Amino acid sequence: MTLFTLRSLKKNFGIKEILKDANFSLEEGDKVGLIGRNGSGKSTLLKMIAGLESIDGGEFWVNGGAKIVYLPQQPEMEDEHTVLEQVFVESNEKMSLVREYEEISEKLSHSQGDTDKLMARLSVVSEQMDALGAWELENNAKIILNQLGINDLEAKVGSLSGGYRKRIAIASALLLEPDVLLMDEPTNHLDALSVEWLQSYLKRYRGALLLITHDRYFLDQVTNRILEIDQADLFSYSGNYAYYLTKKAEAEESGQSSQRKFAGVLRRELEWLSRGPKARSTKQKARIDRIRDMQAQEFKQDQGKVEITTVGRRIGKKVIELENIAKSYGDRILIEDFTYIFNPEDRIGIVGPNGAGKSTLMNIITGRVEPDRGSVSIGSTIHFGYFDQHSDDLMPNGSQRVIEYLKEVAELVKTSDGTVITASQMLERFLFPPDQQYAPISKLSGGEKRRLFLLRVLMGAPNVLILDEPTNDLDVQTLGVLEDYLEDFNGCVIVVSHDRYFLDRTVDTIFAFEEGGKLRQYPGNYSIYIEYKKTEENAAKNSESQSTNTSKSVSSNATVATIDKSDKSRKLSFKEKKEYETMEAKIAQLEAEKETIEKTLYSNPSSDFTKVQKLTEKLAELTDAIDAATERWLELAERV
């Protein structure tokens with residue numbers, strides 16, 4: 001069944017045409033990823049579908065029975081609401097009952113007088129909730145909030161950060177169970193675990209999705225169609241993100257898409273996506289050699305591709321030396337006794353939950369914040385480029401013209417090939433046409449502001465580049481080009497990010513924030529870090545296990561990541577051959593158990609919270625077991 005249809009849709013903002021003849025239909029079961037460069041009109045299209053933005057021409061037809069829910073990037077909320085009140089603020093009948101039940105319960109808990117009327121109304125509401133199955137809704141709300149990292153349901157919304165407010169809005173949208181769910185950057189401000197949970201949830205979601213996201217793993221796993229806005233045209237691809245990349249590369253090679261040629265970056269991204277974590281753990285040199293071979297191929301240049309070409313700056317042997325630094329705010333310890341000497345070629349990724357202290361560490365390194373204890377020593381040749389996640393705060397003058405903002409850094413720029421170009425020409429390479437260069441910064445979209453700020457940072461020719469949540473609001477095309485730029489960047493790169501794909505592409509060491517302000521180092525990219533964590537978890541479970549057979553099985557899987565590289569070249573022993581032959585059947589059995597539990601949880605949800613919690617824990621155990629068994633199978637397969 002068709003849920004809505006766009007016919008010859010048009011949208012124009014005067015200085016920029018957003019859509020000129022857009023045609024698209026959303027069917028039941030569609031999970032569509034909307035992509036396009038910053039400022040192309042992705043958020044505007046979602047708002048038009050949600051009825052929040054006017055249509056300049058064409059037709060927009062919606063199936064009369066289809067319910068559409070829109071999740072914006074920055075949802076508006078009532079500061080005085082508690083978390084649970086905000087989740088149930090929508091006027092859905094079940095939600096209204098749950099909200100009333102919560103309100104009456106709250107009044108009864110504080111009432112010291114006659115409560116007969118309240119008790120009578122509570123009884124009526126309880127009966128209505130029984131009839132409509134609303135108890136299940138309340139239970140699901142608590143589960144979803146918990147999975148998104150929100151445990152204090154009585155906290156006031158006004159006391160929460162923007163990231164937590166976004167999580168509440170996600171929970172509210174999911175609980176409404178609309179026919180069409182429109183989501184604008186749902187993964188922004190979510191930590192990696194929350195993103196993985198949301199990814200899993202949306203893969204099983206029964207309604208239709210149309211979402212914007214920069215997270216390419218998320219996009220690849222969740223979607224079955226890709227919708228691209230390119231130079232005011234709308235293009236549809238029947239497949240996930242990997243399929244889209246394939247078709248784009250094919251079009252480039254056959255010469256059928258002369259104006260949209262991203263094949264160099266796209267082919268590299270496709271190759272990266274097609275590999276599992278094990279393949280991505282190969283030596284960096286081999287990967288760089290492969291990419292250089294691809295870069296040597298000839299491709300015509302596309303008008304809509306960001307070009308990052310800035311001259312480097314010499315970096316000395318001494319970069320940054322941190323010795324026993326510590327930082328606390330009140331009783332809250334963010335960093336405790338951290339020492340590290342950064343090298344000129346370091347590629348460091350910093351991960352941890354929201355509020356752990358990642359941005360604080362960056363501010364200590366750059367001198368914005370003083371540590372409570374310890375010392376920070378910076379090399380004499382070091383010039384920082386700090387791509388702050390709060391770039392809007394660093395553009396205080398919204399009336400300032402785009403080109404004036406850039407000229408504050410430099411009016412002439414020397415590129416990597418030795419050419420000297422003007423600030424205006426540099427802006428054009430960053431997809432700011434001449435008419436947009438003289439527009440006030442306030443007229444730019446959020447993504448365009450981020451792209452402009454990135455250009456300003458790079459024009460300063462840094463040799464230590466600090467990227468704090470760089471993927472927020474940058475389009476996937478710009479991110480691909482930035483990743484390639486970082487591979488050849490002559491200097492130290494420090495990245496704070498929750499974006500798994502970006503970390504896999506750009507870093508070779510992970511610093512993870514752990515309890516008590518401890519920073520622990522892990523070699524490898526993000527996927528390797530996750531393997532280490534799973535290995536540690538499996539080892540911990542193994543030590544607690546009372547079953548000898550289970551202990552041996554888990555121990556076998558848990559030690560995979562610590563096998564010496566020289567061990568991998570050995571031929572399989574008789575015992576290992578037997579293990580290898582039975583491993584596939586074991587994985588299939590575990591996956592069947594996992595599928596059974598998932599159906600129980602999501603297709604036939606129970607109102608018994610204790611039962612649901614146990615099933616959720618069992619699901620997590622099975623997921624870990626599958627990952628460990630798969631890793632063991634891959635390790636054995638390499639030696640066959």
Side-chain angles (χ1 to χ4, degrees), residues 43 46-47 50-52 67-110 118 121-122 125-126 128-129 132-191 193-195 197-198 201-202 205 207 209 211-213 353-355 472 498 605 607 609 612-613:
S43 295
L46 285 196
K47 290 176 182 176
L52 302 175
K67 180 181 179 182
I68 298 177
V69 169
Y70 169 59
L71 177 71
Q73 285 195 44
Q74 297 179 328
E76 295 182 2
M77 298 184 178
E78 292 293 333
D79 288 350
E80 294 306 311
H81 281 168
T82 65
V83 169
L84 211 53
E85 287 171 345
Q86 185 63 49
V87 167
F88 293 118
V89 77
E90 298 293 335
S91 57
N92 171 297
E93 185 179 5
K94 285 185 181 181
M95 285 190 163
S96 296
L97 283 172
V98 173
R99 186 170 67 249
E100 186 176 0
Y101 179 85
E102 292 289 338
E103 289 172 352
I104 295 171
S105 298
E106 180 70 13
K107 289 177 182 177
L108 283 170
S109 67
H110 293 93
L118 288 174
R121 181 57 188 163
L122 188 67
V125 171
S126 296
Q128 292 175 326
M129 289 177 69
L132 290 174
W135 296 108
E136 174 189 311
L137 181 68
E138 183 184 31
N139 192 54
N140 288 344
K142 292 176 180 177
I143 292 172
I144 290 173
L145 286 166
N146 179 262
Q147 293 288 353
L148 289 171
I150 299 178
N151 300 308
D152 186 358
L153 305 185
E154 297 304 315
K156 294 291 185 181
V157 170
S159 67
L160 301 176
S161 67
Y164 279 100
R165 292 161 75 101
K166 183 67 171 283
R167 293 168 193 230
I168 295 168
I170 291 173
S172 182
L174 295 178
L175 288 166
L176 283 167
E177 297 183 338
D179 300 296
V180 180
L181 181 54
L182 309 175
M183 308 181 84
D184 195 346
E185 295 288 2
T187 61
N188 273 7
H189 308 297
L190 296 187
D191 58 39
L193 291 178
S194 296
V195 170
W197 177 85
L198 182 61
Y201 187 96
L202 292 179
Y205 184 69
L209 292 173
L211 61 90
I212 301 167
T213 180
N354 291 332
N472 286 356
H498 292 131
S607 58
F609 182 78
V612 170
Q613 190 69 23

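Worth saying up front: this structure is predicted, and the values here are computed from it rather than measured. Here, residue 1 is the first one in the sequence, and each next residue gets the next number.
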Trainee: To the closest 0.5 Å, what do you measure between CG (Asn140) and CG (Leu145)?
Mentor: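 Answer for the CG-CG pair, Asn140 versus Leu145, is 10.5 Å.
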
Trainee: What are the two closest heavy atoms between Asp79 and Lys156, and how far apart are they?
Mentor: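 The answer is O-CB, 3.9 Å.
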
Trainee: Side chain of Lys67, backbone of Asp179: donor and acceptor closer than 3.5 Å?
Mentor: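 Side chain of Lys67 to backbone of Asp179, a donor-acceptor pair under 3.5 Å: no, none is there.
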
Trainee: Which heavy atom of Arg165 sits nearest to which heavy atom of Val157, and what is that distance?
Mentor: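 What the structure gives for the nearest pair is NH1-O, 3.3 Å.
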
Trainee: With Val87 as reference, evaluate Thr82, Leu153, Ile168, Ile150 under the side chain to side chain contact (heavy atoms under 4.5 Å, CB included) test and give the passing residue.
Mentor: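 Testing Val87 for a side chain to side chain contact (heavy atoms under 4.5 Å, CB included) against Thr82, Leu153, Ile168, Ile150 leaves exactly one candidate, Ile168.
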
Trainee: To check you understand the geometry: which heavy-atom pair defines the closest contact between Asp152 and Val83, and what is its length?
Mentor: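 What the structure gives for the nearest pair is O-CG2, 3.5 Å.
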
Trainee: Spell out, as yes or no, whether a donor-acceptor pair under 3.5 Å connects the side chain of Ser105 to the backbone of Tyr101.
Mentor: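 Checked: pair present.
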
Trainee: Can you name the nearest heavy-atom pair linking Glu85 to His81, along with the distance?
Mentor: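 Scanning both residues completely, I find the closest heavy atoms to be OE1-CA, 3.4 Å.
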
Trainee: Name the residue from Val180, Leu181, Asp184 that meets the side chain to side chain contact (heavy atoms under 4.5 Å, CB included) definition with Tyr70.
Mentor: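 Considering Val180, Leu181, Asp184, a side chain to side chain contact (heavy atoms under 4.5 Å, CB included) with Tyr70 is found only for Asp184.
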
Trainee: As a test of understanding, state which of Leu209, Val69, Ile68 forms a side chain to side chain contact (heavy atoms under 4.5 Å, CB included) with Pro178.
Mentor: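 Passing option: Val69.
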
Trainee: With the side chain counted from C-beta on, respond yes when Arg167 and Leu160 share a heavy-atom pair under 4.5 Å apart, and no when they do not.
Mentor: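 Sidechains of Leu160 and Arg167: no contact.
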
Trainee: So, the side chain of Gln86 versus the backbone of Glu78: is there a donor-acceptor pair under 3.5 Å, distance only?
Mentor: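 Answer holds: yes.
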
Trainee: Taking the side chain as every heavy atom from C-beta outward, state whether His498 and Val195 have any atom pair closer than 4.5 Å.
Mentor: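 No, their side chains stay 4.5 Å or more apart.
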
Trainee: State the CG-CG distance between Asn188 and Asn472, to the nearest 0.5 angstrom.
Mentor: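 Output value for this atom pair is 4.0 Å.
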
Trainee: Strictly distance-based, threshold 3.5 Å: is any side-chain N or O of Lys166 a donor or acceptor partner for the main-chain N or O of Leu190?
Mentor: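 Answer holds: no.
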
Trainee: Between atom CG of Leu118 and atom CZ of Arg121, what is the distance when rounded to the nearest 0.5 Å?
Mentor: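 If I round to the nearest 0.5 Å, the distance is 11.0 Å.
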
Trainee: Once rounded to the nearest 0.5 Å, what's the spacing between atom CD of Gln73 and atom CD1 of Ile212?
Mentor: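 Going from the CD atom of Gln73 to the CD1 atom of Ile212 covers 7.0 Å.
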
Trainee: Tell me, do Leu198 and Leu174 make a side-chain contact under 4.5 Å, heavy atoms counted?
Mentor: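 They are in contact (side-chain heavy atoms under 4.5 Å apart), so the answer is yes.
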
Trainee: Which heavy-atom pair separates Ala169 from Leu71 by the least distance, and what is that distance?
Mentor: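 Reported closest heavy-atom pair: CB-CD1, 3.4 Å.
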
